[in-house]
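Report on one structure; see the data block that follows.
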Amino acid sequence: MDFTRRDTLALGAGAVALTVLPFRVNAAGEDAIAAFTGGAEVAEGGVNLDAPEIAENGNTVPIGVSAEGATAIMLLAMGNPTPGVATFNYGELAGSTMASTRIRLAGTQDVVAIAKMADGSFAKATKNVKVTIGGCGG
Amino acid sequence: MADGAKPRVKAPKSASAGEVVTIKTLISHKMESGQRKNKDGSVIPRSIINRFTCEFNGTSVIDVKMEPAISTNPYFEFEAKIPESGDLKFTWYDDDGSVYEDVKTVQVG
């Protein structure tokens, strides 16, 4: 099979579109992070994100987060139609800055936890969760 | 879903002053995400609980902003510091304006 100049160009355009696409999916998630941090830099580490490696049912995935010295923790599911999951704001009488809950995941994706520390800095943790059956009714 | 939302809370009845206790809460709610479609192909409108708070004698313990990605029958586990005898007040805020409440009394001593 010979490649003409036209074919090559079309292939190239397709390849570019493919590499750009994942960014589109994440754009809403990035926006949510920016809204939470106000554009501040987010450091890796300092946050514990407890999530299963494989979740059979995307409708109820148990998730636990904790971050020492945090005032708020935001949970995001980057691959969901709406990436926001929950934001925990800790009050004066919070015994520790931890929480666990159950969330929905549309498919295999990264779950991100971002903690806002008392000194105004931000830290994050990311964990990939493989989902066998998605939890968005699709 | 104003009716049928039944809050359930597990909190200790007694604690020593300043003790950190674990609290587990669950409320029955279908948490319709607004993503699903019914048989005719039209979208089922979103109907979720969008906020949950826990207070001890009026002081905030935790305030959670919830989005549609929280599972059916939202469950939360967290820790609270108990400085004195008093009431733990749990409040859930529904999209439709309903508010569900539960109160647990904790004795110190």
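Chain letters run A, B, ... following the sequence lines, proteins first, then strands; residues in each count from 1. Because only heavy atoms are used, hydrogens play no part in the values below, and waters and symmetry mates are left out as well, while side chains stay in.
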Is a side-chain donor-acceptor pair under 3.5 Å present for Ser42(B) with Asp40(B)?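 Side-chain D/A pair, Asp40(B) to Ser42(B): absent.
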Measure Ala99(A) against the heavy atoms of chain B and call it side chain, backbone, both or neither at under 4.5 Å.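 Contact with chain B: backbone and side chain both.
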Does atom CD (Glu101(B)) have a neighbourhood of more than 12 heavy atoms from anything else shown, all under 6.0 Å?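 Yes, because the 6.0 Å sphere around CD of Glu101(B) holds more than 12 heavy atoms from other groups.
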CD/Glu84(B): more than 12 non-hydrogen atoms of other groups inside 6.0 Å: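 Check passes, neighbour count above 12.
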Could you look at [X] and say if it's the side chain, the backbone, both or neither that has a heavy atom under 4.5 Å from chain A?
{"X": "Val20(B)", "result": "side chain"}
{"X": "Thr72(B)", "result": "both"}
{"X": "Ile82(B)", "result": "neither"}
{"X": "Pro74(B)", "result": "neither"}

Mark yes or no for whether Asn80(A), through its side chain, and Ala106(A), through its backbone, hold a donor-acceptor pair below 3.5 Å.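 Checked: pair present.
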Backbone N/O of Gln107(B) and side chain of Ser14(B): donor-acceptor pair under 3.5 Å: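 No, Ser14(B) side chain to Gln107(B) backbone: no donor-acceptor pair under 3.5 Å.
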So which of Val21(B), Thr53(B), Val61(B) has the largest heavy-atom pair count under 4.5 angstrom toward chain A?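 Top option by heavy-atom pairs under 4.5 Å: Val61(B).
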Top of Ser71(B), Gly18(B), Ser60(B), Gly34(B) for chain A proximity - count of heavy-atom pairs under 4.5 angstrom: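 So the answer, after comparing Ser71(B), Gly18(B), Ser60(B), Gly34(B), is Ser71(B).
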Side-chain contact, heavy-atom cut-off 4.5 Å: Tyr100(B) with His29(B)?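 Tyr100(B) vs His29(B): side chains touch.
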